[in-house]
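Numbers here are sequence positions counted from 1. Everything numeric here is computed off the predicted structure, so don't read it as measured data.
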Amino acid sequence: MAVTDAGEAADSRLVRIMGREGVERLRAAKVVVLGLGGVGSSCAEALVRGGVGHLVLVDHDMVQPSNLNRQALAFTSTIGKKKAQVMAAMAQDINPQVEAVPVEEFLLAENVPEFLGKWAADADYVVDAIDTISAKLALAEYACAHGTALISSMGAANKLHPECLREADLFQTVNCPLCRIMRKEGRKRGIDHLKVIYSCEQPVPVEVQEGATRRERTNLGTASYMPPIMGQMMAGAVLRELAGLEGAEGCGSLR
């Protein structure tokens, strides 16, 4: 099958449920995906398959053996390679017409304004799939101040039940330790709303391994399916809004 024929076949499935106008909107849209771990890599894959035409794929890490249990870009053949480069190559293998820009940077709270000014000034949506709380807060603060459409992933570690995953406003979340911190610190920064994907499941208690440092985070375990499903849910929210099926506004549409 020719590449153009394959593209038309993929579009035909999308057109049936999103309409031709919706698919064209997706093709013209630009999404910045911050973090390409278990959540971000699955989200990015779904965005490409969903027809988004322009992606900025941000991650400074390399693929590690420990990533094999949950990350869409992790294979034995990609271990040791830069995640941003691997994800960009995957995107173009799925859709050769997609513009996929790999960015090998680590996002810090203090450089969020500069970074988003450079890479997301003309973006239609920003996906926050990073782990650093200070940077997540800085992203939400920037998005609320500038009207940037943002969706943020909360904690998937120590969770086992995907039926407990929810799309919600941050200030309507329950049973998520990360959400609790984000709510408390967000209020101090004037963040009054933020669209998130989170789990309402009580975390599974996991003991820290004896002799381990706090940095090793040995009390965090991850099921193979939880981060990918969370990433797919994030992609779904973004795709629906960009196709014009749901309203969008700064920090997401749940207000």
Side-chain angles (χ1 to χ4, degrees), residues 29-44 47 52 54-64 67 71 73 81-88 91 99-157 170 177-198 214-217 220 227 230-231 234-235 237-238 248-252:
K30 177 180 177 179
V31 179
V32 179
V33 181
L34 304 172
L36 297 170
V39 175
S41 61
S42 286
C43 180
L47 291 173
V52 172
H54 309 272
L55 289 165
V56 177
L57 304 166
V58 183
D59 201 300
H60 78 297
D61 279 341
M62 294 187 297
V63 181
Q64 305 289 337
N67 302 152
Q71 298 187 10
L73 47 65
K81 297 181 180 180
K82 288 287 189 176
K83 289 183 180 181
Q85 297 291 340
V86 172
M87 195 74 245
E99 178 189 47
V101 180
V103 178
E104 298 172 18
E105 293 187 30
F106 186 82
L107 189 63
L108 299 171
E110 53 265 33
N111 66 13
V112 161
E114 179 183 0
F115 184 92
L116 292 185
K118 177 180 180 180
W119 294 108
D122 60 343
D124 297 286
Y125 227 108
V126 175
V127 172
D128 161 26
I130 60 179
D131 295 327
T132 309
I133 295 175
S134 59
K136 295 178 91 69
L137 287 164
L139 284 167
E141 188 174 7
Y142 181 97
C144 286
H146 293 82
T148 303
L150 172 70
I151 186 168
S152 184
S153 65
M154 295 293 106
L170 172 65
L178 177 55
C179 288
R180 188 180 308 119
I181 297 171
M182 290 287 292
R183 289 195 305 269
K184 179 181 178 181
E185 296 300 320
R187 291 189 184 98
K188 297 177 183 178
R189 292 163 171 78
I191 299 167
D192 60 359
H193 69 292
L194 173 64
K195 178 182 282 191
V196 301
I197 302 294
Y198 85 106
R214 183 175 181 180
R215 183 180 179 86
E216 292 178 279
R217 300 195 294 184
L220 298 181
M230 181 177 281
M234 294 180 80
V238 173
E249 63 177 80
C251 291

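To the nearest 0.5 Å, the span separating CG on Leu150 from NZ on Lys195 amounts to 10.0 Å. Between Leu34 atom CG and Trp119 atom CH2 the span is 12.0 Å, to the nearest 0.5 Å. With values rounded to the nearest 0.5 angstrom, Met87 atom CE is found 9.5 Å from Cys43 atom SG. Separation of atoms OG (Ser152) and CG (Leu170) is listed at 8.0 Å; rounding is to 0.5 Å. Taken from CD1 in Ile130 to CG in Asp59, the straight-line distance is 10.0 Å, to the nearest 0.5 Å. The distance from atom CE of Met154 to atom CZ of Arg180, rounded to the nearest 0.5 Å, is 13.0 Å.
Taking all atoms of both residues into account, the shortest heavy-atom contact from Ala100 to Ala91 is CB-CB, 4.0 Å. Nearest approach of Ala109 to Pro113, heavy atoms of both residues: O-CD, 4.2 Å. In this structure, Leu178 and Ile133 approach most closely via the heavy-atom pair CD1-CG1, 3.5 Å.
Here the side chains of Leu73 and Val63 are in contact, with some heavy-atom distance below 4.5 Å. When side chains are defined from C-beta on, Leu137 counts as touching Arg189, because their heavy atoms get closer than 4.5 Å. Contact check for Val58 versus Val33: no side-chain heavy atoms found under the 4.5 Å cut-off. In this structure, the side chains of Val127 and Val238 come closer than 4.5 Å at one or more pairs of heavy atoms. Counting only heavy atoms from C-beta outward, the side chains of Leu107 and Thr132 never approach each other to under 4.5 Å.
For residues 102-126, the pairs satisfying salt bridge (Lys or Arg N to Asp or Glu O under 4.0 Å) are Lys30-Asp122, with sequence neighbours left out.
Without hydrogens or angle criteria, Ser153 side chain to Asp128 main chain gives a donor-acceptor distance under 3.5 Å. No donor-acceptor pair under 3.5 Å is formed between the side chain of Lys83 and the backbone N or O of Gly37.
Residues meeting the side chain to side chain contact (heavy atoms under 4.5 Å, CB included) test with His146, sequence neighbours left out: Tyr142, Thr148.
Put simply, the residue from Ile191, Leu194, Val112 that forms a side-chain contact (heavy atoms from CB on, under 4.5 Å) with Leu139 is Val112.
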